[in-house]
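Here is the structure we will look at, set down as structure tokens.
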Number of protein chains: 2
Amino acid sequence: MDQPMREIPAAARHAIGELARRTGVKATTIRWYEQEGLLPPPARSEGGHRLYSDDHLRRLGFIRHARELGFAMPAIRTLLGLAGRPREDCTTAHALAKAQIAEIDSRLRRLEALRTELAGMAAACEGGPAQDCRILETLADFEHGHCQHHEHETG
Amino acid sequence: MDQPMREIPAAARHAIGELARRTGVKATTIRWYEQEGLLPPPARSEGGHRLYSDDHLRRLGFIRHARELGFAMPAIRTLLGLAGRPREDCTTAHALAKAQIAEIDSRLRRLEALRTELAGMAAACEGGPAQDCRILETLADFEHGHCQHHEHETG
DNA sequence: CTTGAACCTCCAGCCACTGGAGGTCCCATA
DNA sequence: TATGGGACCTCCAGTGGCTGGAGGTTCAAG
């Protein structure tokens, strides 16, 4: 009997392109994460190519997932740190998640308001020359809503 | 009788700070708009301070309003151009507004999905040590959703 | 005339990457 | 073993839409 069990998976070596393919994070971005200290520097081949372990793969997946959920980099750093200290209480993670939800809620409200206003503008416009266009008119009404919504989001 | 009518309002001169106060756009941003060609260079005082006309004020209001609605700079340039050619058909404005609505709709859908996932994570976590934290667990599940949502928005 | 707020220019920095230039390495096939 | 071409390397500049600071000048009120 051969003994394939001795090959522990965590030691597998993956090129950057493979990591990119498997996580959906571009190779350039992976290198940038390394530079920023989010991902530890991997081993290198003799020629200098990066060789990643399964730990790298997992960590990168964690980062990607957190990014997709809209967590900012500082929050991700915190979460990564916490994930690496399993005995610590997870209150921080909880707080970060709640803050993220609150952030998303505020964006949702803002976007819904924008949507309503845009839809109103678009519906009011009946075509024809620009001088009669309700869209342009509404935009030009610069006094409008000046004090109502100065929470800025840009979209 | 004096003749105050001769003082046409469009010729009034406003300092950059006044423009900033009245439009809610910071002075630095106003200067930057000028640099980017969104706002024409205003007159200057002898000492070099910018002196804006009411036309500037209106144009800046237009820009601010469009920005608040989430239009990107290129779209704003187009809208400004259109607003300056009143005889032209406003189809372009209509199309831009519709595109903006579509963009907002897509962001809304994405944010709603994120909200759902985050809320689920937060609800599943019952506190305790990080090693049992469902939030961290979910984040670490890097295979998760890899193929479902690769429209990226980052929140 | 003095004060100090407002203004000026220039330039660097923010976030989270992205892309290009110019070169090197790896490995599958002939 | 040679070769071709794709994957990889580093370095650096650019993206959008501003923002802030340094260091100096001007303006208007008192």
Side-chain angles (χ1 to χ4, degrees), chain A residues 13-39 41-52 56 60 62-80 100 103 107 110 150-155, chain B residues 13-39 41-52 56 60 62-80 100 103 107 110 150-155:
Chain A
R13 292 293 176 260
H14 317 286
I16 197 168
E18 192 194 335
L19 234 71
R21 194 175 38 73
R22 289 179 61 179
T23 61
V25 178
K26 292 186 180 172
T28 46
T29 306
I30 297 175
R31 281 190 283 262
W32 178 78
Y33 283 164
E34 178 183 336
Q35 199 176 302
E36 294 299 295
L38 286 170
L39 214 48
R44 297 279 188 148
S45 74
E46 280 198 20
H49 287 199
R50 287 171 179 80
L51 296 173
Y52 292 96
H56 282 108
L60 182 55
F62 187 104
I63 296 169
R64 180 189 60 86
H65 200 171
R67 284 295 301 133
E68 278 177 358
L69 287 168
F71 286 101
M73 293 325 241
I76 293 181
R77 277 174 211 278
T78 307
L79 289 169
L80 277 170
Q100 189 58 25
E103 170 71 19
R107 290 184 191 202
R110 175 119 180 93
H150 35 46
E151 336 154 19
H152 290 278
E153 153 121 14
T154 313
Chain B
R13 291 295 177 259
H14 316 287
I16 197 168
E18 192 195 335
L19 234 72
R21 193 174 40 72
R22 289 178 61 178
T23 60
V25 179
K26 292 186 182 171
T28 45
T29 307
I30 296 174
R31 281 191 281 263
W32 178 76
Y33 283 165
E34 178 184 335
Q35 200 176 300
E36 294 299 296
L38 285 170
L39 213 48
R44 297 280 187 146
S45 74
E46 280 198 19
H49 287 202
R50 288 171 178 80
L51 296 173
Y52 293 95
H56 283 107
L60 182 56
F62 187 106
I63 296 168
R64 180 189 60 84
H65 200 171
R67 282 297 300 133
E68 278 177 359
L69 287 169
F71 286 101
M73 292 326 239
I76 293 182
R77 278 174 210 276
T78 307
L79 289 169
L80 277 171
Q100 189 58 25
E103 169 71 19
R107 289 184 192 203
R110 173 114 181 99
H150 34 47
E151 336 155 17
H152 290 280
E153 153 119 16
T154 316

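Numbered from 1 within each chain, the chains take letters A, B, ... in sequence-line order.
Here the side chains of Phe71(B) and Glu103(B) are not in contact, with every heavy-atom distance at 4.5 Å or above. Side-chain contact between Ser45(A) and Arg13(A) is absent, with no heavy atoms from C-beta onward closer than 4.5 Å. Residues Tyr52(B) and Leu60(B) fail the side-chain proximity criterion, which asks for heavy atoms closer than 4.5 Å. By the 4.5 Å heavy-atom criterion applied to side chains, His56(B) and Ile30(B) are not counted as neighbours. The side-chain heavy atoms of Arg110(A) and Glu68(B), taken from C-beta on, include a pair separated by under 4.5 Å.
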Protein and nucleotides 20-23 of chain C: nitrogen or oxygen contacts under 3.5 angstrom:
none

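Rounded to an integer number of Å, the gap from CD1 of Ile76(B) to P of dG16(D) is 13 Å. Following rounding to the nearest Å, Gln35(B) (CD) and dT19(D) (P) show an atom-to-atom distance of 14 Å. Atoms CG (Leu19(A)) and P (dC9(D)) sit 11 Å apart, rounded to a whole Å. Between the CG atom of Leu39(A) and the P atom of dC17(C) there is a distance of 13 Å, rounded to whole Å. Spacing between atom CD of Glu34(A) and atom C1' of dA16(C) amounts to 17 Å, rounded to whole angstrom units. As a whole-Å value, the separation of Arg13(B) CZ from dC7(C) C1' is 18 Å. Atom-to-atom, CD of Glu68(B) to P of dG17(D) comes out at 15 Å; the value is rounded to the nearest Å. Residue Ile30(A) contributes atom CD1, which lies 13 Å from atom C1' of dA7(D) at whole-angstrom precision.
Checked against dC7(C), dG17(D), dT19(D), the side chain of Met73(B) finds its nearest nucleotide in dG17(D). If you check dC7(C), dC8(D), dA16(C) against the side chain of Ala15(B), the one that comes closest is dC7(C).
Contacts of Arg31(A) classified as side chain to side chain contact (heavy atoms under 4.5 Å, CB included), with partners at least two apart in sequence or in another chain: Ile16(A), Ala27(A), Thr28(A), Arg50(A). In this structure Ala72(B) satisfies the side chain to side chain contact (heavy atoms under 4.5 Å, CB included) test together with Pro74(B), sequence neighbours excluded. For Glu18(B), the side chain to side chain donor-acceptor pair (under 3.5 Å) test picks out His14(B), Arg22(B), with sequence neighbours left out.
Contact annotation: Lys26(B) side-chain N/O to dG20(D) OP1/OP2 distance is under 4.0 Å.
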Generate the contact string for nucleotides 8-13 of chain C. Rules: B means base contact, S means sugar-phosphate contact only, - means no protein heavy atom under 4.0 Å. SB----

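Both Trp32(A) and Ser45(A) lie near DNA chain C, and the one whose nearest nucleotide falls closer to the 5' end is Trp32(A). Residue whose closest nucleotide on DNA chain C sits further toward the 5' end, between Glu18(B) and Tyr33(A): Glu18(B).
The minimum heavy-atom distance linking Ile63(A) with Ile76(A) is given by the pair O-CD1, 4.1 Å.
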